[in-house]
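Structure first, then comments.
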Amino acid sequence: MTTRRQFLASVPAAAAAFALSDQFILDAAPARAQQIDPLQGHFHPKGKAPSKFTLEVLKRAKATLPFADERDFEEKQKGFIAPMKDLQIMADAGHVAWDMKRFQFLDAQDEFDSIHPSLHRISRLNNNYGLYEVIPGIYQVRGVDLSDISFVRGKTGWIVFDPLVSAEVVRAAWKLFQEHVGEGLPVSAVIHSHTHGDHWGGVRGLVDEADVRSGKIPIIAPVDFMDFTVSENVYAGNAMNRRLFYQYGLLLPAAPHGYVGQGLGQAVSAGATGLIAPTRYVEKDIEEFEVDGVRMVFQNTPNTEAPREMNTYIPDMKALWMAENVTATLHNIYTLRGAQIRDPLGWSKYIGEALYRFGLDAEVMFASHHWPRWGNERVQEVLRGQRDLYAHMNNQVLHLANQGVTINEIHNVYEVPKGLQAKWFCRGYHGSPQHNARGVIQRYLGFWDCNPTTLIPLSPSDSAPLYVEMMGGAEKIMVRGRELHDAGKYLLASEIVDKLVQAEPNNQEAKDLLADIFEQIGYQQENPGLRNSFLAAAYELRSGIPQGETASSSSPDIIKAMSTELFLNFLGIRMDSRKAEDMRFTINLITPDNGEKFLVELENATLTNIKGFLADKPDLTLTINRADLEQTMTGAKTLEAQIAEGTAKVEGDAGILKQLASTMVEFDPRFEIMPGTKAMHPQVTGYVESGPPETADPYQAVPRQTIAE
Ligand SMILES: [Zn+2]
């Protein structure tokens with residue numbers, strides 16, 4: 001049986017197989033007279049063709065977009081050296097880590113009636129798959145992951161910028177690079193531009209940790225890198241992983257009616273992820289030093305695209321590396337998988353600073369996604385456009401908010417200025433103007449639109465039955481919902497049919513109609529995250545959430561990157577406090593090998609900890625080296641076993657650990673989002689019913705997948 005670990009580890013690659021395998025496909029329900037016919041060739045038996053309204057939306061988009069500007073296609077092709085020949089890259093664990101076969105259909109036709117022309121365009125651009133020269137001495141392998149890997153010639157070897165998500169694709173990229181331009185020279189340094197997993201996860205594919213520890217290969221990163229690599233994904237990690245199924249469409253097969261890429265790249269690789277702690281941190285705002293004989297100027301840009309990120313200028317090559325701060329898209333201010341809202345004004349200012357520090361001289365600009373820009377004029381055009389894109393979003397959204405436009409209206413009011421709309425690199429392939437505009441209001445004003453009705457509202461499932469009753473019952477809603485659907489008024493249709501689905505989660509006819517509505521809205525989106533979210537919800541409404549074993553795939557490296565304080569904080573989140581109402585105790589936790597101590601207290605059904613303090617009269621003192629504690633955090637050895645063998649020492653009431661363990665809950669990454677999608681009958685859905693998730697050790701850290709962005 002697949003373990004929890006294996007399931008999620010293979011998810012991106014397995015998603016297509018999942019959705020396509022017979023086992024998961026519905027028996028076609030008896031056709032209902034009023035329903036539209038399913039579409040032959042659609043991956044789902046209930047899938048529908050785009051409606052005439054959807055076709056019209058896509059046609060209008062095509063007419064208004066700047067298709068005459070083909071510079072992106074020239075730039076993505078420029079410097080091409082060699083293709084990556086194998087369309088699939090295997091993971092060491094035996095599954096497919098990367099699969100470009102899935103995306104070949106994008107080049108088979110000039111247009112698809114179910115894909116927004118702008119989204120189709122970026123997905124074709126992301127079908128670049130091979131080795132490219134940026135300028136002599138700088139090379140990139142693109143298209144083997146969500147991100148690009150870059151190689152800069154140093155005095156003794158190659159300086160690697162941002163080694164992708166997993167080791168297997170990094171190795172394949174390095175092999176291709178060495179076959180053509182690497183001259184057999186070794187890796188001489190690694191630079192992690194920022195804390196997201198697609199910029200460090202594959203490091204072990206290139207570098208032996210011993211060489212890092214010995215000082216032979218420095219790893220350079222922005223200050224506080226380790227504190228933020230993992231922490232962004234831990235506290236709400238399970239919810240984020242579930243939401244990835246929507247934003248990244250993990251269950252959708254790559255197909256004209258399904259998944260068509262992720263904007264930043266085609267997908268996320270599914271190999272082995274690792275992390276080696278950096279040995280040199282860039283601490284000042286601007287810092288200049290040599291890396292393997294190459295002069296580099298680093299610009300820290302905290303709280304932009306990532307909590308910690310840095311740009312790099314290589315003055316002797318006039319080459320500007322903009323990390324992920326400037327790519328060929330409007331990036332996320334709000335991230336659909338869930339993240340704290342980013343600061344668009346600060347982001348804009350850092351781009352402005354890069355423009356005036358480096359951009360007036362730079363002759364080439366490259367980044368960790370997409371393709372480079374050549375010539376100072378083009379470099380400046382892109383920097384200026386991106387600077388203004390984020391500043392405008394901040395300023396104009398607040399301008400409107402200051403006149404009363406709320407978080408529930410702003411996406412219908414805010415518009416990117418016409419001049420920027422006409423620049424391809426300002427299109428919303430990751431962030432969308434709509435969800436980013438809402439994010440800006442959330443950042444400054446929060447979720448409330450100031451109408452008391454929405455201040456402490458009923459839960460949707462509690463208010464929906466009254467709506468259904470007042471609207472005259474399910475049948476009337478279905479008739480009206482169908483009319484609105486047939487008139488192309490999909491958002492209105494979704495409002496009322498969603499109420500019915502909320503009130504009657506077992507009403508499959510209603511769920512199917514809502515799925516049809518969502519599907520059309522999905523086809524109409526330029527932004528892949530929006531498209532995927534609507535299509536993913538349609539998928540689950542039709543088929544239910546796949547049951548079966550699930551897994552987290554975090555490597556021991558990721559757990560090691562978790563500070564003990566972060567781990568203790570997370571235990572407080574894993575604890576079901578309702579089980580701890582009558583508990584009260586104090587624990588001193590001492591980890592001698594790193595000299596840390598913590599006072600851990602359970603009181604008022606709340607688990608707290610404070611670093612650097614110990615209680616005078618603790619109920620229990622637990623002494624364990626951090627290195628041994630990691631064994632427990634990774635699930636390799638239980639705390640009980642460590643106590644039994646004497647690696648961990650306890651003084652006082654050891655029963656407290658059992659008590660605390662009894663309150664720990666493991667989060668299930670298959671929780672229901674759309675009503676009635678979890679309990680769908682196995683005979684109808686074909687999904688294998690399973691019991692509760694395999695239980696992790698109570699003191700295991702259980703972080704979820706590394707989140708790439
Ligand atoms: Zn990235």
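By convention here, the first residue in the shown sequence is residue 1. Whatever order the structure lists them in is the order used to number ligands and atoms, beginning at 1. For the numbers below, each heavy atom of this structure counts, side chains included, while hydrogens, waters and symmetry mates do not. What you see is a predicted model, and the numbers here were worked out from it, not measured in a lab.
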Practice item. Could you tell me which residues satisfy side-chain contact (heavy atoms from CB on, under 4.5 Å) with R121, sequence neighbours excluded, listed by chain and number? Key: F67, D72, F73, L125, W424, Y429

Exercise for review: Answer with yes or no after comparing the ring centroid distance for W321 and Y313 against a 6.0 Å cut-off, counting only values under it.
Suggested key: no

Practice item. Compute the ring centroids of F151 and F177, then answer whether they are less than 6.0 Å apart. Key: yes

Exercise for review: Measure the acute angle between the ring planes of H194 and H199, then classify it against the limits of 30° and 60° as parallel, tilted or perpendicular.
Suggested key: tilted

Practice item. For the Zn ion (ligand 1), state how many protein N, O or S atoms fall inside a distance shorter than 2.8 Å. Key: 5

Check your understanding: Regarding D198 and H369, is there a side-chain donor-to-acceptor distance under 3.5 Å anywhere?
Key -> yes

Check your understanding: Within the side chain of N376, is there an N or O that forms a donor-acceptor pair under 3.5 Å with the backbone of A362?
Key -> yes

